[in-house]
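As a basis for the values below, the full set of heavy atoms in this structure was taken, side chains included, without hydrogen atoms, waters or symmetry mates.
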Amino acid sequence: MILLIILLLPLVTGLGILFLRNSCTVRIVALTSTIVNLLLTFVVMGTSPAATFSAEWNNLMGIRFSLGFDGISLLMLLLTNLLFPFIILAGFKREQKQVSILNFLILLTQAALIGVFLSQNAFLFYIFWELTLIPIYFILLLWGGENSRAVTLKFFIYTLAGSLFLLIGIIYLVQLTPGIHSTDFSVLNQLHIPAATQIWLFWVLFIAFAIKMPIFPFHTWQPNTYTMASTQGVMILGGVMTKMGIYGALRFLFPMVPQGVLYWQNIVLVMCLIGVIYASVIAFRQTNLKRLIAFSSMAHISLMAAALFIYNYYAAQGLLFQVVTHGLTVVALFYMVQLIQDKTNTLELPQMGGLKHAAPKMAILLLMIVLVSVALPLTGGFIGEFLIIIGLAKQSIWVALFGGTTMILGAIYMLYAYQRIMLGDKNVSFKNTTDLVRLDYWMLIPLIAILFILGIYPQPILNLVEVSANTMQNLLTSATGVGTMMPH
Amino acid sequence: MSALIFIAVFGIIVLYLGFANNKAILAPVAIGGLLITMALSIKDWGVGSKYFHDMIVVDNFSIAFNVSMLIITTLIFLFGVNYYKRMEHHVAEQYALMIFALTGAFLMTSYSNLIMLFLGIEILSIPLYILAGGKKSSYRSNEASFKYFLLGSFSTAFFLFGIALVYGASSTFYLPEINTYIAQYNGHLPPMLMVGLLFILIGVSFKVAVAPFHFWSPDVYEGAPTLVTAFMATVVKTAGFAAFYRLLGMGLLPLPAALEKTLWVMTGLSLLVGNLAALKQSNFKRLLAYSAIVHTGFMLLAMLSQHDSAGSVLLYYTFVYSLATIPLFIIFIHMKRSAKGLEDLVIFRGLYKQKPWVAVFMTILMMSLAGLPPTSGFMAKYQVFTLAISQGYIAITIFAIVMAIIGVYYYFYVLREAFTDSEEPNPILIPFINAALIIACGIAVVLLGLFTFTIPI
């Protein structure tokens with residue numbers, strides 16, 4: 001029942017705030033709703049996974065409205081509900097048109113994302129998966145920057161194309177279920193699909209997730225969309241929606257088409273590694289700060305995707321840890337981008353420089369976030385990427401070597417960008433720039449604190465992640481019999 | 001049966017009501033008549049009787065389709081209350097002709113004899129020829145009427161010729177007997193029968209605008225008065241598909257391989273041609289005409305899968321498609337009025353700014369046409385794909401999915417216009433009754449998606 005409340009709370013609040021006029025009230029109500037949801041998530045973490053909700057929906061097509069969770073869903077749920085208060089907070093005290101509708105759409109996205117992570121039924125999963133697209137489409141279209149019309153349509157068609165292939169895959173899988181067809185994950189996971197079918201079915205399912213993440217040749221929607229999107233839109237996209245791809249792959253590919261995964265593993269790994277290097281190199285060449293971060297995000301996601309398809313114990317643990325830290329880092333980084341844009345009226349790096357003279361505190365906080373992003377030891381970013389690299393090295397030293405370039409190249413382009421923004425001589429045009437205000441501290445300090453605490457004392461999350469990693473491991477070993485051994 | 005007789009007589013009554021010179025009573029009377037017809041139809045549910053030497057079969061299939069068409073026509077009449085306010089003369093004829101067309105549609109859902117099908121198609125078509133030319137002073141409308149009439153009679157000639165050839169080979173007009181006659185040849189039909197069947201298929205394909213027999217539909221849709229276009233896109237399509245399903249799904253399928261291949265090619269062509277042409281349209285009515293051709297392709301896919309429940313899926317598909325299409329046409333009428341007669345897609349600009357709620361429900365309707373969850377359009381497509389995949393047609397289903405993706409582009413292109421601010425905003429006036437109906441249709445579209453109905457037919 002508590003799962004149903006978590007799912008419906010953002011939706012109900014969202015509908016409610018449509019009738020509020022005062023934009024300040026709207027934001028406070030929305031923030032309260034997300035915080036309550038976060039607290040409820042902590043309650044859920046204390047309960048046993050047996051706490052599910054299930055109801056009949058459409059018996060004829062074998063569709064049940066069933067919510068539940070395992071370790072992986074719980075982690076994703078935690079990430080979503082942790083980030084959304086910050087996403088709402090990022091809109092406070094800003095000039096925005098139609099605040100109530102914007103916040104309604106954000107909360108609707110949250111509800112849909114929660115639905116994706118909690119569904120225990122493939123059909124329900126698909127409905128929520130598509131439902132996330134509708135509010136984000138409008139957030140990008142109506143609150144996006146210049147050229148939002150064309151870019152948004154491309155983003156929409158691109159991601160929808162992937163989803164429809166996923167739909168084909170789901171229908172095909174459901175047809176294979178014995179007796180009265182059922183779309184429950186538990187039933188689909190029991191299917192023993194012939195290897196020849198798995199080999200093509202893998203691609204039908206994989207494309208949707210590859211586009212969402214995005215993995216190398218399917219990424220072309222991403223830089224433009226990120227650059228054009230409003231801060232809140234890009235936080236949702238980069239912070240949570242990219243993780244949908246990873247979650248979907250874990251839910252569908254590994255349990256249902258394990259032999260397909262094995263068959264294509266090397267190809268996909270090569271795609272991921274190309275993505276790592278390609279995105280890093282392009283990020284280095286960017287002059288627009290937002291595009292730079294978009295490509296850097298793609299490089300990190302590509303590394304996570306590589307870890308996903310290596311699937312050994314370390315990589316899995318690192319991947320799930322990195323899911324959390326990457327989400328937090330992206331939100332913090334894009335908030336900083338917004339601040340920099342407010343203060344300098346530009347995002348072009350060549351026109352910046354010397355901002356630290358005007359805003360020293362901001363310079364310190366940005367440095368901390370950048371350090372997390374480049375995976376400096378003692379930060380959250382390090383733990384995840386380090387575990388991933390160990391995992392990759394277990395498979396092949398070359399994969400680890402190429403994957404490891406994210407850390408090196410990442411350090412280069414992030415620090416170079418930092419230097420171009422903050423350091424250097426006093427720039428006269430930023431003379432009147434003010435430093436951070438109280439609201440910015442409320443936004444940034446908790447994010448940075450969590451990231452550093454995770455780096456210094458990662459055990460709580462690692463414990464949670466271990467459950468998830470074991471869940472994933474069990475899925476694999478039971479399905480293929482080839483999963484790698486636990487280290488102890 | 002009583003429903004059929006009642007509606008035929010009722011059409012004449014409405015026609016004579018025109019002499020009363022009171023436009024206000026027309027719509028209520030017409031809607032009342034439709035409701036009575038609906039009650040009479042439902043009364044026969046589950047009875048399953050045959051009339052006129054078994055030429056007409058009133059079974060659950062025909063009743064379900066008739067009721068679906070009656071609901072849609074009622075909706076059109078409700079919208080017509082406002083639409084015909086501006087019309088001074090011959091309003092009664094408009095209602096009466098639609099009711100006559102409905103009579104033909106009833107025959108098309110319940111024939112078991114090819115002659116009856118011919119009569120049904122003619123009774124449906126002739127009022128439509130007149131309705132398409134409803135705007136006498138408009139050059140476009142006259143063109144539409146004339147084009148529809150010429151091409152329509154041409155295809156009817158084909159159809160009739162086909163019936164004659166089939167009769168010549170099998171010496172019967174009755175579908176079940178033709179079916180047994182075909183079965184005894186075990187796939188190797190005599191040429192005369194083959195050609196006859198092909199001609200019949202061409203005739204029916206023309207009525208539902210399957211590519212490559214679709215060329216009339218964009219021109220006619222564009223030229224005809226918009227409410228008539230809405231009628232053609234929904235009721236006529238439903239009737240055509242009911243007839244098609246009776247002919248194939250409940251009758252002649254499985255056909256000899258050559259003919260079945262032809263039908264598959266027509267399915268693929270409808271999806272492809274409709275989509276590619278729709279991408280390039282700047283006129284909203286032509287856009288919906290091409291999108292209707294694409295939907296025809298999806299429905300053909302369901303029918304050709306030869307699954308037992310294809311009939312009920314078709315019913316669901318046509319009904320939710322109609323439910324989403326009509327309000328869109330109505331929104332278009334109001335936008336066109338506000339834009340002083342323009343029909344381009346840009347006229348939708350500023351809708352969100354001035355009428356946010358209408359824009360929101362337009363989003364839902366467009367989502368339904370594009371097939372996005374949780375709307376009923378998605379459930380309809382889901383069922384179609386499920387049927388096709390369950391019968392092993394995976395390649396064509398993947399092709400259909402790709403086509404559905406292309407479809408999203410132009411539906412959302414229109415939607416994007418609605419959410420863009422207009423440079424020179426004209427006031428958009430949407431009367432309360434129409435706004436309420438649009439919202440009701442939007443809610444129905446979502447509810448039907450969440451609680452999918454299946455009627456055993």
Side-chain angles (χ1 to χ4, degrees), chain A residues 18 57-63 65 97-98 100-101 104 112 115 123-135 137-138 140-142 148-150 152-177 181 183 197 200-201 203-204, chain B residues 309 312-313 349 352-353 356-357 359-360 363-364 366-367 370-375 378-379 381-421 449-454 456:
Chain A
L18 279 180
W57 185 8
N58 191 329
N59 285 335
L60 219 70
M61 286 182 259
I63 302 164
F65 189 93
K97 53 179 182 180
Q98 289 160 317
S100 59
I101 295 176
F104 162 68
F123 187 86
L124 195 63
F125 173 92
Y126 182 78
I127 298 248
F128 283 121
W129 175 276
E130 290 279 41
L131 200 60
T132 54
L133 264 186
I134 304 298
Y137 170 80
F138 284 106
L140 296 179
L141 177 69
L142 296 176
S148 70
R149 283 157 48 90
T152 312
L153 199 57
K154 182 181 178 187
F155 157 75
F156 191 73
I157 303 286
Y158 219 121
T159 39
L160 193 76
S163 318
L164 283 172
F165 281 104
L166 175 64
L167 178 64
I168 286 272
I170 292 176
I171 296 177
Y172 185 82
L173 285 166
V174 170
Q175 292 302 326
L176 294 177
T177 54
H181 295 316
T183 54
T197 313
W200 65 263
L201 196 58
W203 280 98
V204 175
Chain B
S309 57
S312 65
V313 171
R349 284 197 182 168
Y352 172 64
K353 189 111 189 170
W357 285 105
V360 166
T363 311
I364 292 173
M366 281 288 186
M367 276 167 65
L372 298 185
T375 59
F378 166 71
M379 291 306 293
K381 281 212 176 78
Y382 178 78
Q383 293 184 53
V384 169
F385 295 149
T386 307
L387 291 190
I389 289 181
S390 72
Q391 304 296 91
Y393 299 111
I394 293 174
I396 180 102
T397 312
I398 290 182
F399 177 73
I401 290 258
V402 174
M403 292 299 129
I405 297 165
I406 298 178
V408 174
Y409 174 81
Y410 51 79
Y411 291 123
F412 272 72
Y413 189 91
V414 179
L415 207 54
R416 196 179 76 178
E417 296 294 332
F419 280 84
T420 308
D421 291 347
L450 293 180
F451 307 99
T452 313
F453 71 87
T454 331

* Interatomic distance, F156(A) atom CZ to L415(B) atom CG [nearest 0.5 angstrom] ->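 Rounded to the nearest 0.5 Å, the CZ-CG separation comes out at 8.5 Å.
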* Asked: Rounded to the nearest 0.5 Å, what separation is found between the NZ atom of K381(B) and the CD1 atom of I171(A)?
  ->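 Here the interatomic distance stands at 12.0 Å.
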* Pairing residues for K353(B) by the salt bridge (charged side-chain N to carboxylate O under 4.0 Å, His left out) criterion, not counting sequence neighbours ->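 Per chain and number, K353(B) pairs via salt bridge (charged side-chain N to carboxylate O under 4.0 Å, His left out) with D421(B).
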* Can you sort out the partners of R416(B) under salt bridge (charged side-chain N to carboxylate O under 4.0 Å, His left out), two or more places apart, ordered by chain and number? =>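 R416(B) satisfies salt bridge (charged side-chain N to carboxylate O under 4.0 Å, His left out) with no other residue.
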So which part of [X] gets closer than 4.5 Å to some heavy atom of chain B, the side chain, the backbone, both or neither?
X       : answer
I170(A) : neither
L142(A) : side chain
I101(A) : side chain
F123(A) : side chain
I127(A) : both

Side chain, backbone, both or neither: which part of [X] has a heavy atom under 4.5 Å from chain A?
X       : value
S309(B) : neither
I394(B) : side chain
L372(B) : side chain
F378(B) : side chain

* side chain to side chain donor-acceptor pair (under 3.5 Å) contacts touching residues 401-411 of chain B (sequence neighbours left out) ->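 Residue pairs passing side chain to side chain donor-acceptor pair (under 3.5 Å), neighbours aside: N275(B)-Y410(B), S291(B)-Y411(B), H295(B)-Y411(B).
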* Residue-level contacts of residues 384-392 of chain B with chain A, using a heavy-atom cutoff under 4.5 Å ->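 Within residues 384-392 of chain B, the residues under 4.5 Å from chain A are F385(B), T386(B), I389(B), S390(B).
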* Asked: Do Y382(B) and Y126(A) have ring centroids that are under 6.0 Å from one another?
  ->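 No - the distance between ring centres of Y126(A) and Y382(B) does not fall below the 6.0 Å cut-off.
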* Assess the pair F138(A) and Y352(B): is the distance between their ring centroids shorter than 6.0 Å? =>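 No - the distance between ring centres of F138(A) and Y352(B) does not fall below the 6.0 Å cut-off.
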* Considering residues, nucleotides and ligands other than W357(B), do more than 12 of their heavy atoms fall under 6.0 Å from its CH2? ->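 Counting neighbours around CH2 of W357(B), 12 or fewer heavy atoms of other residues, nucleotides or ligands fall under 6.0 Å, so no.
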* **Best-contacting candidate, T152(A), L153(A), L131(A), V174(A), against chain B by heavy atom pairs under 4.5 angstrom** =>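 When all of T152(A), L153(A), L131(A), V174(A) are compared, L153(A) has the most.
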* Intermediate values then yes/no, side chain to side chain contact (heavy atoms under 4.5 Å, CB included), F412(B) and I157(A) -> CA-CA 9 Å; F412(B) 272 72; I157(A) 303 286; 5.8 Å; no
* A161(A) versus I405(B), closest heavy-atom pair with distance ->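 Heavy atoms of A161(A) and I405(B) come nearest at CA-CD1, 3.4 Å.
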